Amino acid sequence: MPRKARAAGRIRPISTVVGKVRPVKMGTKRQHCWRFPAESLHSVEMSDFPDDIPFFDEPGAPAPRPSGAPAPSGIAARAMAARNASAPDYLKGLNAEQRQAVETTEGPVLVLAGAGTGKTRVLTTRIAHILSLGRAYPSQILAVTFTNKAAREMKQRIGLLVGEAIEGMPWLGTFHSIGVKMLRRHAELAGLRSDFTILDTDDVIRLIKQLIQAEGLDDKRWPPRQFAMMIDTWKNKGLGPADIPEGDARAFANGKGRELYKAYQDRLQTLNACDFGDLLCHPIRIFRAHPDVLKEYHRRFKYILVDEYQDTNTAQYMWLRLLAQETGGSAQKNICCVGDDDQSIYGWRGAEVDNILRFEKDFPGATVIRLERNYRSTAHILGAASHLIAHNEGRLGKTLFTDIADPDDAKVNVHAAWDSEEEARAVGEEIEQLQRKGHALNDMAILVRASFQMREFEDRFVTLGLNYRVVGGPRFYERQEIRDAMAYFRVVAQPADDLAFERIVNVPKRGLGEAAVRQIHDTARALRIPMLEAAAKLAESDELKPKPRAALRAVAANFERWQKALDNTSHTELAEIILEESGYTDMWKNDRSAEAPGRLENLKELIRSMEDYESLRSFLEHVALVMDSEQNEELDAVTIMTLHSAKGLEFETVFLPGWEEGLFPHQRSLDEGGRSGLEEERRLAYVGLTRAKKNLHIWFVSNRRIHGLWQSTIPSRFLDELPEAHVEVAEGGDSYGGYGGGGYGGRQNPYGASRFDSIGSDQRSFSNTYATPGWQRAQQNRNEATDRNWGSRSGHHVERIGYGETDSGYGAGRGSVKSRTIEGELVAKSVADSPSPFKVGDRVFHQKFGNGNVAAIEGNKLTIDFDKAGQKRVIDSFVTAV
DNA sequence: GGCTCATATCGCGGA
DNA sequence: GATATGAGCC
């Protein structure tokens, strides 16, 4: 099964394994979606705001009091009741600090919530508290999070606390989703129409590239990507083209940075589009330029809550300040920010830890509440984490503690391995052992510093037949076929979306190449009309040669028809029609490559996921805003993800591989951020440590391949910052070679023992590998079996790899210790003596070469006459019977 | 003029 | 390891 998955989803093979393909299905609840087109198409006036929708309308739910009306006595009575011994159920079980954070509803509040101290619980209970006291309607609470996942979880948990009535919390969401909602209401004030599209980074880069070329600049010398990053940085600070520092402006495009930025914004406006940064920057500008608009929001939001406040960037901060500022010296705004300065790990993305450190200055009279009682981890883990983070300066200072102390608790384990492959192997073994003891795979996670580390674990787990899920890999919506389909939908929903149009005019191939597209483009620019319109015009003129003209006419006619169908066809049906009639599905059906069926599957899944939305537009909006795709929670699988995406999660057992200088702390952070960069890395380590509830394993290796180059590495300085008392250095024992059991004491010699010395121990561990159940499973599972040629190991580990690795499949491309595919021929000696399961004449399929007939068999090496690729010699485990 | 294949170069973080 | 460019072919 995993092998099939790999074949199907070549883009990021494994993600398919655990149902990455089902992105929008979680829980049974329909995703809450606001309907933007109908109610806000032309609404500029605040009076168009829908009145507060009654919220507790279920029978038996407490009735809200009318907004603005004096508090009826019932509320006071209930509030009193809440303080009584018979406190509401939802307050029970909170500790004193948590309860204070929940009950201090008025005035500015900063909750410093350490890892595992019940932060989400406080936030959700606080909202439930406000609601049940009748202090505000759900629609009067603004609650912002950073991820959709956090928002979803909050909705769900509030729902559990107050009954099922949370559908009515329209202003609970991510910064971006709330920003988009505001912007749709006031789009005209930003020079947009309310049906604007949101461009993702890919679109942005293509657009910038066009602009750079239009300026007559060399896009080699001035990479669009880099400029996109600069714009991002500026927008994180809330800077428009006029506001950027002169130095920044001069640094790009021969000093034309500012002009280019301006041109970019202008182009977005004509495209009726905005990028991610604009979702916050436009509202900020609107609030400043139109105090009446801002005032309306002030009236509306009685309570503001912010999650992960330490991650806010300057733009988000400005946005919040504007919304939370005191109006005319009247009552203090009720803003509650929750965060942990020790978990600020997004500095490189523009986050300002300063925001949280400055809170008391920004909001005078603020109540600061510290949550330090940890409910998650053992004393050993907490001790290790606290000791590590204490090496940072400039913290607000918190010390986590726990009452739970079990003498049986395991200390934090530090392991050494020879190289990353052995690391993966050993982690795999450990996981299997835990599994045998009855631990669920769902309770285990591998948290890596950089995503390239994931691959080795994936490879290993595939071999072992262990289920795993990758979080934060390339996402469903980033796949080529999905983006193509989405581009079709976008053009139908928003005919001015030139970027989408350009993407698909010639997909599938219609004979409209570069020249034709350029002509459409030029016509569009000259007449100041969208490209789709220009295409229709060109199709009726004699400007083009007959062939492209006919093709273009067909395209234009198609889109016209689909647009007409938009109103009277269900959007899922229309989506199917579009993909069918455009020839897009046929394109993949006729594609004989191995990934084509997977892509068709994905397209089907795309349509299926659209069912959860009420309209094509709301679906498009959802897709533009999802950053995290859901996972199939039902499957028992080990989680592999980056430390960044692990924040907020917890696992019984956590593996932290790759604790080596240069990787962790990451060289880049050190180079760019100096001391503060190092501190951010340390916080990242802290985040990693505090994800673990019971077991924590840290790994470092002495050799790692980075950018195709084997490099000797030295253990991370963070290892030395762990307290002896809570740490145990795992003895190498029978396996894991590397430092020969010396643990990280081996760091005295940065190059470790001679690599030749450890070959022996390494091979010992190799033979152990055969004994693992996973290996045996892999043996049974013939297709999984990787060839295991260790023969050429010595002396190879510092050379450059990277020749002939045309196949990303098994065994290939994994460094000198593995076999390599050269010109399609597998140069490997077999270790398996078992007879080949194939016989001469068998019809077989190979991932790369397609179908063919077995011509000869020699051990486990087959000679196959492929239909297309000709005669090749391959290892039998690389082909499947047809 | 458009399409397909093969080679050279860059770069990698993340919602 | 993906992307951009160029050669060769239809």
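Just so we're on the same page: letters track the sequence lines, and every chain starts at 1. None of these values were measured; they are calculated from a predicted model.
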Atom-pair distance ([atom1] on [X]; [atom2] on [N]), nearest Å:
X      : N      : atom1 : atom2 : result
A:K209 : C:dA4  : NZ    : P     : 5 Å
A:Q453 : B:dG14 : CD    : P     : 11 Å
A:W222 : B:dC10 : CH2   : P     : 16 Å
A:M454 : B:dG13 : CE    : C1'   : 11 Å
A:R152 : B:dA15 : CZ    : C1'   : 13 Å
A:M641 : B:dG13 : CE    : C1'   : 16 Å
A:R483 : C:dT3  : CZ    : P     : 11 Å
A:L280 : B:dA15 : CG    : C1'   : 12 Å

pi-stack flag for A:F276 and B:dA15, centroid dist under 5.5 Å, interplanar under 30°: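 No; by the centre-distance and plane-angle rule, A:F276 does not count as stacking on B:dA15.
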
Which residue lies toward the 5' end of DNA chain B, A:N236 or A:V517, if each is placed at its nearest nucleotide? A:V517

First encountered from the 5' end of DNA chain B, between A:K545 and A:P223: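 Upstream on the strand: A:K545.
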
Heavy-atom side-chain proximity of A:W588 to A:P508 below 4.5 angstrom: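 A:W588 does not reach A:P508 side chain to side chain.
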
Counting heavy atoms from C-beta on, name the nucleotide in [options] closest to the side chain of [X].
X      : options               : answer
A:A515 : B:dG1, B:dG13, B:dG14 : B:dG1
A:R455 : B:dA15, C:dG1, B:dG1  : C:dG1
A:S645 : C:dA4, B:dG13, B:dA15 : B:dA15
A:S669 : B:dG13, C:dA4, B:dA15 : B:dG13
A:A516 : B:dG13, B:dG2, B:dA15 : B:dG2

Can you see whether A:F196 has A:R184 sitting over its ring - NZ or CZ less than 6.0 Å from the centre and within 45° of the normal? yes

Does B:dG11 have OP1 or OP2 sitting under 4.0 Å from an N or O in the side chain of A:R668?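 No, A:R668 has no side-chain N/O under 4.0 Å of OP1/OP2 on B:dG11.
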
Does A:N590 reach the main-chain N or O of A:D586 with its side chain, forming a donor-acceptor pair under 3.5 Å? yes

Mutual orientation of the aromatic rings belonging to A:W348 and A:Y346 [parallel < 30°, tilted 30-60°, perpendicular > 60°]: tilted

Who passes side chain to side chain contact (heavy atoms under 4.5 Å, CB included) against A:N313, sequence neighbours left out?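 With sequence neighbours excluded, A:N313 shows a side chain to side chain contact (heavy atoms under 4.5 Å, CB included) to A:N236, A:A315, A:Q316, given in chain and number order.
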
Identify whether the distance between the nearest side-chain nitrogen and carboxylate oxygen of A:D203 and A:R206 falls below 4.0 Å.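 Yes.
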
Cationic N near anionic O, under 4.0 Å, A:D341 to A:R683: no

Do any N or O atoms of the protein come closer than 3.5 Å to N or O atoms of nucleotides 3-6 of chain B, and which pairs are they?
| from | atom 1 | to | atom 2 | distance (Å) |
| --- | --- | --- | --- | --- |
| B:dC3 | OP1 | A:N506 | ND2 | 3.4 |
| B:dC3 | OP1 | A:G511 | N | 3.2 |
| B:dC3 | OP2 | A:N506 | ND2 | 3.3 |

